[in-house]
Amino acid sequence: MSLTEKTVPQTSPDGESKRPSGRDRWPLAGIGFGGDYNPEQWPEETWVEDVALMREAGVTFVSLGVFSWALLEPREGEFDFGWLDRVVQLLHQGGIAIDLATATASPPPWLSRRYPETLPVDRDGRLFSPGSRQAFCPSSPVFRERALSLVEQLATRYGRHPAVAMWHVSNELGCHVARCYCDVSADSFRSWLSTRYADVGELNERWGTRFWSQSYGEWEEILPPRLTPAHRNPTQWLDWCRFSSDELLSYFVAERDLLHRLAPDLPVTTNFMVMPDFEPLDYFRWAKEQDLVSQDHYLNHQIDDPVPELAFSADLTRGVAGGKPWFLMEHSTSAVNWQPVNHAKAPGELIRNSLTHVARGADAVGFFQWRASRAGAEKWHSALVPHTGTDSKIWRDVTRLGGVLSRAADVAGTTVDAEVAVLFDYQSRWALDQPSHPTDRVPAIEVPRAVHRAFWDAGVVSDVVHPHSDLSRYRVVVVPTLYLCDDATAATLRAYVERGGHVVVSYLSGLVDEHDHVRLGGYPGAFRDLLGVRTEEFFPLLDGERVTATGASATLGDLSIDRWTELTRLVTAQVVAGYTDGPCAGNPAITRRDDRSGGSAWYVAAGLDDDGWCALLGEVSRLAGVTGMPGGGGGVEVVRRSGADRAFLFVINHTAGEVAVPARGFDLVSGEPVDGRVSVPAGGCAVVREA
Ligand code: GAL
């Protein structure tokens with residue numbers, strides 16, 4: 001196979017990647033601790049100090065050379081590995097494991113000068129320039145060929161070096177350019193479509209092209225969804241999103257396969273961005289192609305709830321990783337540089353953030369970056385070694401964290417106990433977040449976040465998982481705005497309730513099939529029978545409009561509803577709450593159908609606010625026997641990780657006062673035995689190795 005040939009992800013029929021066992025091993029001992037190391041930005045004398053400081057802090061790994069292509073290959077085909085050899089050797093002598101980057105994340109200036117066709121194009125037809133990073137078209141055969149040639153050199157040279165523990169492919173693929181609209185990409189899109197559909201006729205059917213005279217006569221007429229005068233075709237957009245995610249994935253797989261061939265025992269990963277505001281990659285598909293899932297997370301201070309958002313992102317990362325431990329590749333020791341106002345972390349916050357990731361399944365804690373840069377676009381980004389040096393709040397927290405993580409080594413390999421699941425699907429998100437819908441006031445990420453936050457607030461640990469997951473272990477499954485839903489998902493949920501499970505489905509769920517065609521005969525088409533309701537018409541509310549729904553029993557009380565109402569009729573369900581005013585007054589807002597199995601299926605036909613979700617999920621949890629973590633909730637995260645022979649209770653106190661949580665064992669943070677209750681100071685953490 002030539003280097004430029006694209007490889008389709010190789011998965012077995014059950015969806016699991018086939019790989020030899022050597023790469024299944026976790027690459028680091030204990031809980032890894034480290035971050036991105038960019039020594040090329042510093043004189044060589046600094047490298048010796050770096051390694052000494054890494055040892056002082058307890059750093060166990062670094063991600064090396066992520067943006068070093070221009071130095072490694074200063075001219076096409078001319079390589080300079082001298083400096084990298086010396087860094088690798090120094091790290092090896094210092095006992096620091098290397099997550100070696102393939103360095104393809106930022107092509108050198110010579111590449112686009114010589115091959116301008118490698119530059120990406122945006123939806124409006126504008127060409128991106130070099131001078132930043134990630135300026136490449138994911139479909140470009142020239143880019144792939146040049147990138148793979150570098151990877152081949154690196155793998156051959158370092159693939160058997162004892163300090164190299166794993167590979168780091170590119171960096172945050174899709175972060176800046178996830179969808180390229182150039183002619184090369186258009187060709188690739190057509191060939192992707194031709195494997196998805198038997199012929200143009202089938203494509204016309206699936207895309208509904210009789211509408212607005214869009215019927216295609218031949219493949220060559222089909223284009224990416226570029227700038228159009230009016231609304232684009234929604235299924236074309238959905239397939240474009242699928243294609244763009246698969247296209248970058250095929251690029252990852254090309255690097256991975258080469259690495260596997262040349263360095264068969266080293267695991268390969270690429271750092272994901274499983275965060276609410278990043279949507280272009282279907283990470284559930286991507287995860288199947290990783291030897292281990294790795295993830296970057298940055299607190300977003302532009303939203304109201306950065307703390308529960310961290311928990312959501314970590315729980316979704318764990319869902320993406322199939323419940324297995326995952327690798328936190330990057331987060332920040334303090335401020336970032338790319339938000340309008342870059343909020344610095346309070347003393348202790350970096351430890352709190354780090355342990356929250358570990359509590360929720362991370363077996364490594366990495367940061368961007370080791371030493372704060374002097375120059376370049378990220379010089380105001382925090383690091384483990386700040387500009388100020390080691391006499392600093394950041395360094396004190398860094399070394400403290402290093403100590404805690406080394407004491408918590410046995411946490412590695414354990415898994416997180418969760419009672420409930422929240423379903424999430426990137427493809428449904430692509431379908432829902434399109435124009436020309438009943439309302440644009442409910443982004444697809446919002447209700448999943450609200451549901452997760454309600455559980456978080458109640459001290460209930462939730463998994464955020466793909467709709468095709470095995471749901472049998474959960475007491476409650478919530479289906480929040482799962483707009484696009486295939487028949488398999490509908491069948492899975494039906495079977496779950498028939499076996500006694502409790503399911504809560506929200507509005508804007510089950511409305512269209514996998515081609516984004518409406519399921520006819522009454523909404524929500526895919527779940528009508530499961531829920532025992534039939535909705536006739538939607539009545540979304542205008543901004544500022546609010547209506548009230550009142551619980552049929554006293555426990556729910558009055559619920560304030562905004563953004564969404566709908567005209568629902570009962571078929572086999574009963575009313576849980578009914579609209580008292582607004583366009584749907586007198587009709588159900590929340591319903592419940594009890595199944596013969598003892599399970600139940602609830603429908604939320606109303607735009608609940610946070611209080612409403614808390615009240616409703618509290619009611620469902622009581623029915624389903626969800627207990628939550630004792631002492632958890634209301635700003636105190638309590639999460640258990642357990643294995644066959646050990647269990648650890650994490651307590652993260654986000655409140656301004658000391659809390660006491662039931663526990664017995666030994667606290668690895670304070671170094672004190674715990675006999676009945678662990679006291680955790682304001683803003684502090686505990687990791688109790690349970691007796
Ligand atoms: C990440 C990226 C790093 C660095 C960091 C800054 O998205 O992978 O290279 O740019 O952001 O927060």
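These numbers come from a predicted model, not from an experiment. Just follow the structure's listing: the first ligand is 1, and inside any ligand the first atom is 1.
- If you check which protein heavy atom lies closest to atom 9 (O) of ligand 1, you get R133 NH1, 3.0 Å.
- Set against the non-hydrogen atoms of E172, the atoms of ligand 1 under 4.0 Å away are 1 (C), 2 (C), 7 (O), 8 (O).
- Under a 4.0 Å criterion applied to the non-hydrogen atoms of E330, ligand 1 contributes the atoms 1 (C), 2 (C), 3 (C), 5 (C), 8 (O), 11 (O).
- Checked against a 6.0 Å centroid threshold, the rings of W380 and H387 count as neighbours.
- Considering V461, L310, L355, I652 in turn, I652 is the only one that fulfils the side-chain contact (heavy atoms from CB on, under 4.5 Å) rule with E637.
- R641 has its side chain within reach of D363: a pair of non-hydrogen atoms, C-beta onward, lies under 4.5 Å apart.
- Interface of F67 with ligand 1, defined as ligand atoms under 4.0 Å from a residue heavy atom, comprises 9 (O).
- Within ligand 1, the atoms closer than 4.0 Å to a non-hydrogen atom of N171 are 2 (C), 8 (O), 9 (O), numbered from 1 in the order shown.
- In this structure, R226 fails the cation-pi test against Y181, since its NZ or CZ atom is not both closer than 6.0 Å to the six-membered ring centre and inside 45 degrees of the ring normal.
- None of D36, L64, V59 except one satisfies the side-chain contact (heavy atoms from CB on, under 4.5 Å) rule with W370; the exception is V59.
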Evaluate R242 against D282 for salt bridge (Lys or Arg N to Asp or Glu O under 4.0 Å), listing each step before the verdict.
CA-CA 8 Å; R242 288 171 171 146; D282 181 348; over 6 Å; no
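- When each atom of ligand 1 is checked for a heavy atom of D296 under 4.0 Å away, the hits are 8 (O).
- Close approach of ligand 1 to H381 (heavy-atom distance below 4.0 Å) involves ligand atoms 6 (C), 12 (O).
- Contacts with ligand 1 closer than 4.0 Å are made by no heavy atom of V66, backbone or side chain.
- Relative ring orientation between F252 and W286 is described as tilted, the plane-to-plane angle lying within the 30° to 60° band.
- Contacts between M275 and ligand 1, counted as non-hydrogen atom pairs separated by less than 4.0 Å, are absent for every part of the residue.
- Contact annotation: for E378 versus ligand 1, heavy atoms closer than 4.0 Å belong to the side chain alone.
- For atom 5 (C) of ligand 1, the nearest protein heavy atom (residue, atom name, distance) is Y298 OH, 3.5 Å.
- Judged by the 6.0 Å distance and 45° axis criteria, R371 is positioned over the aromatic ring of W42.
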May I have the step-by-step check of side chain to side chain donor-acceptor pair (under 3.5 Å) for E378 and S373, ending in yes or no?
CA-CA 7 Å; E378 295 184 321; S373 301; over 6 Å; no
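- Checked against a 3.5 angstrom limit, the closest N/O atoms of D36 and ligand 1 fall outside it.
- When only interatomic distances are considered, the shortest N/O to N/O separation between N271 and ligand 1 does not fall below 3.5 Å.
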